[in-house]
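Encoded as structure tokens, the structure appears first; notes follow it.
So that the names make sense, note that chain A is the first sequence line, chain B the second, and so on, each numbered from 1. Since we're looking at a predicted model, the values are computed, not measured. Only heavy atoms go into these numbers, but all of them, side chains included; no hydrogens, no water, no symmetry mates.
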There are 2 protein chains.
Amino acid sequence: MSNETTAAQGTKPENIVYVGKKPTMNYVLAVVTQFNSGQSEVTIKARGNSISRAVDVKEIVVNRFLPDLREKAIRTSSEELVNEDGTKSKVSAILITLGR
Amino acid sequence: MSNETTAAQGTKPENIVYVGKKPTMNYVLAVVTQFNSGQSEVTIKARGNSISRAVDVKEIVVNRFLPDLREKAIRTSSEELVNEDGTKSKVSAILITLGR
């Protein structure tokens with residue numbers, strides 16, 4: 001994430017936590033840390049099989065750590081990947097936005 | 001889900017497709033069949049690792065089969081399961097509601 005000029009306004013740019021194959025609590029910690037450092041909105045993003053983990057992250061953050069958060073949006077989309085052999089695959093993605 | 005008395009109004013009760021471990025296209029077909037038989041709203045539900053497949057089902061239904069559908073809601077929740085050894089686990093769930 002690059003720092004954008006909107007940072008001059010005093011609001012940090014929207015923050016995204018990409019969820020992959022690491023243990024769920026790593027991502028929970030990343031989200032909680034963002035909010036505790038003053039972020040007012042954090043988006044959790046995942047693709048393919050990691051989508052389930054992204055939902056776990058959201059549930060754990062909200063139920064166990066920051067119950068005052070609101071779920072601002074959950075969106076899904078399809079993205080196209082090019083495989084090593086040149087063929088294309090579609091993969092689903094999820095974006096979960098939490099905010100105060 | 002129990003049948004509710006609103007069925008007397010001529011509208012069928014809300015329909016749910018539970019996504020599990022079967023091939024994705026089985027569930028896609030189930031959702032498309034529900035809409036083609038007159039249902040105006042179908043909810044796709046999954047828990048745990050099947051959440052990713054539920055998102056795939058939604059993306060395939062909307063992008064390939066029924067592009068006129070609207071995404072009415074995506075909700076997530078936590079459910080508690082009792083394991084065989086008596087311990088309890090929390091599992092995340094997703095509910096994706098599509099409608100015309």
task = Give the C-alpha distance, both sets of side-chain angles, the deciding distance and a yes or no for side chain to side chain contact (heavy atoms under 4.5 Å, CB included) between A:Arg100 and A:Leu69.
result = CA-CA 5 Å; A:Arg100 291 195 196 276; A:Leu69 289 183; 4.0 Å; yes
Below 4.5 Å from any heavy atom of chain B, which atoms of [X] appear? Answer side chain, backbone, both or neither.
| X | value |
| --- | --- |
| A:Asp56 | both |
| A:Ile94 | side chain |
| A:Ala93 | backbone |

request  = Go through the atoms of B:Lys58 and report whether side chain, backbone, both or neither lie under 4.5 Å from a heavy atom of chain A.
outcome  = side chain
Do [X] and [Y] have side chains that approach each other closer than 4.5 Å (heavy atoms only, starting at C-beta)?
| X | Y | answer |
| --- | --- | --- |
| B:Ile60 | A:Lys90 | no |
| B:Ile74 | B:Val55 | no |
| A:Arg47 | A:Leu81 | yes |

